[in-house]
Amino acid sequence: MTDVVLCECFARDGLQHESVMIPTSRKRELIEQFADAGFARVEATSYSNPAVIPQFADASELLASLPRRERVFYKATCANVRAVERAIVDLEAGFGANEISLLVSASESHSQKNLKRSRADQWANIAAMVQAAQGRFRLIGTVSVAFGCPFEGAVDEQQVLADVEAFGRLGVAHVTLGDTTGVATPHSVRRLFGTVLQELPEVTPIAHFHDTRATGLVNYLAALEAGTRYFDCAFGGVGGHPAKVKYGSGFTGNVSTEDWVSLLESMGVNTGIDLQKMMAVSALCETALGRELHSRVARSGLNPLIT
């Protein structure tokens, strides 16, 4: 048993930001390396409209090529009932994701911009997706802009808690709280995650933060201190908004996997990640994208005091 459960998001949230198409074979190689390194959850792809995010036009082809692994969850993002139906078709063909994510925005403006729907319409869409899933996947709810919206500013914490509770009523037992544009603080993180853990024990909260203002690690530590054990991260700190659906400005990437794992292990927190394999995969991710990425540990090496 590990102390935390990490989801590697390079292959989906990371690549959605990239305009260069990564070959399916390269994606498969990376995802297999993520699992080999010890990640119990891997965000593999998205059943999205290829006209909006062409990077994932190969979703079914990619998933068909991935060997199933015991105790590894491969997650696919689903935007609507049609996407869930595609996931069901793949599952019945003997492959596909065993975890799918369902997304709601905490603000009306972000919902309209990112999902092209009102919040009310999106909740109706989520309910229909849960029904279409037929209980055949582990469902992951996500509340985007949970700590602040790039269009509306402050987000009502009670609204976020109501969204988490709504997911729970639908039978979605894992809910991600997203700091989508990096406006959270350790204080707000500790308070919100602590409240979810105390008041909604039927829900397992997941932290998914973007390192927009270099606060990702300190906010993840605050979530850990509050009792959170599930975290998302991406090699090289890649990711953010889709390439064709931009909001906010400047750096938008995820918390760097290498940096977060190194910090956890240096604190004696068991991540279950093979550190040498992680560093080898880090180099492969840079090669795949053809540039130096944002991990400090990739440049400086692991903390030499890790035992």
Side-chain angles (χ1 to χ4, degrees), residues 1-16 27-47 56 59 62-63 65-78 83-84 87 90-91 95-103 133 136-144 167 172-179 193 196 203-210 216 220 223-224 227-239 253-265 269-275 277-278 281-282 285:
M1 296 293 292
T2 61
D3 297 325
V4 293
V5 178
L6 305 183
C7 181
E8 176 48 52
C9 298
F10 180 96
R12 203 287 300 177
D13 194 26
L15 293 186
Q16 73 169 355
K27 294 177 186 175
R28 184 194 68 247
E29 175 191 5
L30 290 173
I31 291 169
E32 289 191 64
Q33 296 273 2
F34 300 155
D36 282 343
F39 289 92
R41 300 178 62 228
V42 178
E43 192 173 50
T45 190
S46 172
Y47 286 108
F56 306 123
L62 170 66
L63 290 167
S65 72
L66 280 173
R68 299 275 72 78
R69 292 173 180 262
E70 189 177 357
R71 295 188 296 275
V72 174
F73 283 88
Y74 290 123
K75 183 172 75 166
T77 298
C78 292
V84 176
D90 285 351
L91 192 66
F95 59 89
N98 48 5
E99 186 177 278
I100 61 175
S101 61
L102 318 170
L103 179 68
R136 301 181 68 179
F137 307 92
R138 183 162 77 173
L139 302 178
I140 309 294
T142 296
V143 183
S144 292
F167 271 123
V172 181
H174 294 75
V175 179
T176 303
L177 299 178
D179 183 23
F193 277 91
V196 170
V203 172
T204 297
I206 302 170
H208 180 106
F209 288 3
H210 290 173
Y220 267 14
L224 182 72
T228 304
R229 292 297 177 264
Y230 281 67
F231 297 87
D232 292 347
C233 48
F235 275 100
V238 296
N254 289 279
V255 172
S256 164
T257 296
E258 303 94 316
D259 299 352
W260 179 223
V261 171
S262 178
L263 178 58
L264 287 169
E265 291 287 346
V269 177
N270 177 20
T271 64
I273 305 302
D274 184 308
L275 299 182
K277 288 183 178 180
M278 179 187 76
V281 178
S282 174
C285 289

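All heavy atoms count here, side chains included; hydrogens, waters and symmetry mates do not.
Pairing each heavy atom of Leu62 with each of Arg28, the nearest pair is CD1-N, 3.6 Å. Val203 and Val172 make their closest contact through CG2-O, 4.4 Å (heavy atoms, listed as atom of the first residue, atom of the second, distance).
Under the 3.5 Å distance criterion, the side-chain polar atoms of Glu8 are matched with a main-chain donor or acceptor of Phe235. Between the side chain of Asp3 and the backbone N or O of Asn270, at least one donor-acceptor pair lies under 3.5 Å. A donor-acceptor contact shorter than 3.5 Å links the side chain of Asn98 to the backbone of Val72. For Asn254 (side chain) and His210 (main-chain N/O), no donor-acceptor pair under 3.5 Å exists by modelled atom type. For the pair Glu99 (side chain) and Ile140 (backbone), a donor-acceptor distance under 3.5 Å is absent.
Side-chain atoms of Arg41 and Ile206, non-hydrogen and from C-beta on, do get closer than 4.5 Å to each other. Contact annotation: the side chain of Asp232 never approaches that of Glu43 to less than 4.5 Å [non-hydrogen atoms, C-beta and beyond]. Asp13 is listed as a side-chain neighbour of His208, based on a closest heavy-atom distance under 4.5 Å. A 4.5 Å side-chain heavy-atom check between Tyr230 and Thr204 finds at least one atom pair inside the cut-off. Leu264 is not listed as a side-chain neighbour of Phe231, based on a closest heavy-atom distance of 4.5 Å or more. With a 4.5 Å cut-off on side-chain heavy atoms, Asp90 and Tyr47 count as touching. Using a 4.5 Å heavy-atom cutoff, the side chains of Arg12 and Ile31 are not in contact. Leu6 has its side chain within reach of Trp260: a pair of non-hydrogen atoms, C-beta onward, lies under 4.5 Å apart.
In this structure, CG on Asp36 lies 5.5 Å from NZ on Lys277, to the nearest 0.5 angstrom. Atom CZ of residue Phe167 and atom OG1 of residue Thr142 lie 6.5 Å apart, to the nearest 0.5 angstrom.
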